[in-house]
Amino acid sequence: SRLMRVLPRNVALELIATGEPFGAEFAAGYGMVNRIAPAAQLLEAALGLARSIVGNAPLSVAESLRIARQAGDRSDADLRRLSKERMKVIMASEDAKEGPRAFAEKRPPVWTGR
């Protein structure tokens, strides 16, 4: 069960055995969700998170998430090696040049994902 991956063992087993539903506050308390927003503000909260993400270089975001998703399956040394390898690819990208250029020109970067 996916609950076993995201909750403490005893809590997951209780929920599986009882079938009891749980709410957003419970999920947030165990780190199952990042944020809670009132229904009327849900779309704006999601869009705010999306704006925060797309403000970053897409190659860096994609590579960081790819490596982070492997963190539970790999050693620290392996993750460091993988990070260094992927950093070489990112640093050779057009976006790696755009970031410092935009900073120097005092403007927001225009990421291309290349």
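Distance CD1/Ile90 to OG/Ser83: 9.0 Å, rounded to 0.5 Å. Here the CH2-CG distance, from Trp111 to Leu59, works out to 9.5 Å after rounding to the nearest 0.5 Å.
Counting only residues at least two apart or on different chains, no salt bridge (Lys or Arg N to Asp or Glu O under 4.0 Å) pair has a member in residues 18-34. Pairs passing the side chain to side chain donor-acceptor pair (under 3.5 Å) check and including a residue from residues 90-100, sequence neighbours excluded, read Asp95-Thr112, Glu98-Arg101, Glu98-Arg107.
Considering only heavy atoms from C-beta on, Val89 stays 4.5 Å or farther from Glu63 through its side chain. With contacts defined as side-chain heavy-atom distances shorter than 4.5 Å, the pair Ile67/Arg74 does not qualify.
For Met87, the CE atom sits in a loose shell: 12 or fewer heavy atoms of surrounding residues, nucleotides or ligands are nearer than 6.0 Å. Within 6.0 Å of CZ in Arg2 there are 12 or fewer heavy atoms belonging to other residues, nucleotides or ligands. Under a cut-off of 6.0 angstrom, the local environment of CE in Met91 is sparse, with at most 12 non-hydrogen atoms contributed by other residues, nucleotides or ligands. Other residues, nucleotides and ligands contribute over 12 non-hydrogen atoms within 6.0 Å of the CZ atom of Arg81. Dense packing is recorded around CG of Asn10, with more than 12 heavy atoms of other residues, nucleotides or ligands lying under 6.0 Å away.
Of the possible polar contacts, none joining the Ser52 side chain to the Gly48 backbone as a donor-acceptor pair under 3.5 Å is found.
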task: Apply the test side-chain contact (heavy atoms from CB on, under 4.5 Å) to residues Asp78 and Gln70: give CA-CA distance (whole Å), side-chain angles for both, the deciding distance (0.1 Å), then the verdict.
output: CA-CA 10 Å; Asp78 195 26; Gln70 298 177 46; over 6 Å; no

query: Would Glu14 and Arg9 satisfy salt bridge (Lys or Arg N to Asp or Glu O under 4.0 Å), going step by step from the backbone distance to the final call?
result: CA-CA 9 Å; Glu14 178 181 330; Arg9 186 175 192 276; over 6 Å; no

- request: Show the numbers, then the answer: is there a side-chain contact (heavy atoms from CB on, under 4.5 Å) between Phe22 and Val11?
  value: CA-CA 12 Å; Phe22 56 88; Val11 175; over 6 Å; no

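Clustering ILVMFWY residues whenever any of their side-chain heavy atoms sit less than 4.5 angstrom apart, transitively, puts Phe26 in a cluster other than the one holding Val33. A single hydrophobic cluster is not seen to contain both Leu65 and Val54; linkage of ILVMFWY side chains at heavy-atom distances under 4.5 Å, directly or through other members, places them apart. Hydrophobic cluster membership is shared by Met4 and Val6, with clusters built from Ile, Leu, Val, Met, Phe, Trp and Tyr side chains linked at under 4.5 angstrom. Under the 4.5 Å side-chain heavy-atom criterion for ILVMFWY residues, a single connected hydrophobic cluster contains both Leu15 and Tyr30.
Shown here for Ala102 and Pro109, the closest heavy-atom pair between the two residues is CB-CA, 3.5 Å.
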